[in-house]
Amino acid sequence: KDLGLKSVLGRKPDGLVSAFPILQPEKRRVVVHLVNYDVDYSNDSVREKTDIAIRISRPDFLTGLVEGLWYAPGLDEPERIVVDASGDTLSCVVPRLATTGALVLGP
C-alpha cells in the first residue's frame, strides 16, 4: 500500500503470501511472482497454500484470449491455468504454492 500498489491476491492480505506482477509489454505478457512466507518453524518447513485467487487489471497490450502458465519448483513442465479474461480484469486460481512460483499470463 505504501508503494501505491494494488493487491493482486483475491483474499484479505495476511502477510503470508505475496504476489508481485511485472508487466512486460514488449513480450505481451504479465509475470506474477508469488512467494509463500508461512513458515512452520517447529518443523522447519513452509506450509503449502492451495487455491490462491489472482486478480489483476487487464493491461492494454493483452487483448483477446489469455492463457496462464504456472512455473514452480518441482514441476517438470509448466502447468496450464485457466484464465477468466472478461472485461478489464484477468483472474485465475493457482492450485498450489509451496515456497515460490511464477504465473505467466499471455496470449
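Worth knowing before you read on, the calculation uses all heavy atoms, side chains too, and leaves out hydrogens, waters and symmetry mates.
- The neighbour count for Glu77 CD, taken as heavy atoms of other residues, nucleotides or ligands under 6.0 Å away, does not exceed 12.
- Closest approach of Val66 to Leu62, counting heavy atoms only: CG2-CG, 4.0 Å.
- Shortest non-hydrogen contact noted between Ala85 and Gly64 is CB-O, 4.4 Å.
- Thr100 contributes a side-chain N or O that, together with a main-chain N or O of Leu34, makes up a donor-acceptor pair within less than 3.5 Å.
- Counting all heavy atoms, side chain and backbone alike, Trp70 lies closest to Leu75 at O-CD1, 3.6 Å.
- In this structure, the separation between CG on Leu105 and CD1 on Ile81 is 9.5 Å, given to the nearest 0.5 Å.
- Panel note: side chain Arg96, backbone Lys49; no donor-acceptor pair is recorded below 3.5 Å.
- Residue Val31 comes nearest to Ala102 through the heavy atom pair CG1-CB, 4.3 Å, listed as atom of the first residue, atom of the second, then distance.
- The backbone N or O of Ala98 sits less than 3.5 Å from a side-chain atom of Asn36, completing a donor-acceptor pair.
- Applying the 6.0 Å contact sphere to CG of Asp40 captures more than 12 heavy atoms from other residues, nucleotides or ligands.
- Between the CZ atom of Arg80 and the CG atom of Leu69 there is a distance of 5.5 Å, given to the nearest 0.5 Å.
- Across Phe61 and Arg28, no two heavy atoms sit closer than the pair O-NE, 3.2 Å.
- Both Ile54 and Leu23 belong to a single network of hydrophobic side chains, linked directly or stepwise wherever heavy atoms of I, L, V, M, F, W or Y lie under 4.5 Å apart.
- Separating the CG atom in Leu97 from the CG atom in Leu16 is a distance of 11.0 Å, to the nearest 0.5 Å.
- Atoms CG and CZ, from Asp88 and Arg58 in turn, are 9.0 Å apart once rounded to the nearest 0.5 Å.
- Between Pro59 and Leu90 the shortest side-chain heavy-atom distance falls below 4.5 Å.
- The backbone N or O of Thr89 lies less than 3.5 Å from no partner atom in the side chain of Arg55, so there is not a single donor-acceptor pair.
- Hydrophobic clustering places Val17 together with Val94 (ILVMFWY residues linked when any side-chain heavy atoms are closer than 4.5 Å, directly or through intermediates).
- Of all non-hydrogen atoms in Val83 and Glu67, the two that sit nearest each other are CG2-C, 3.9 Å.
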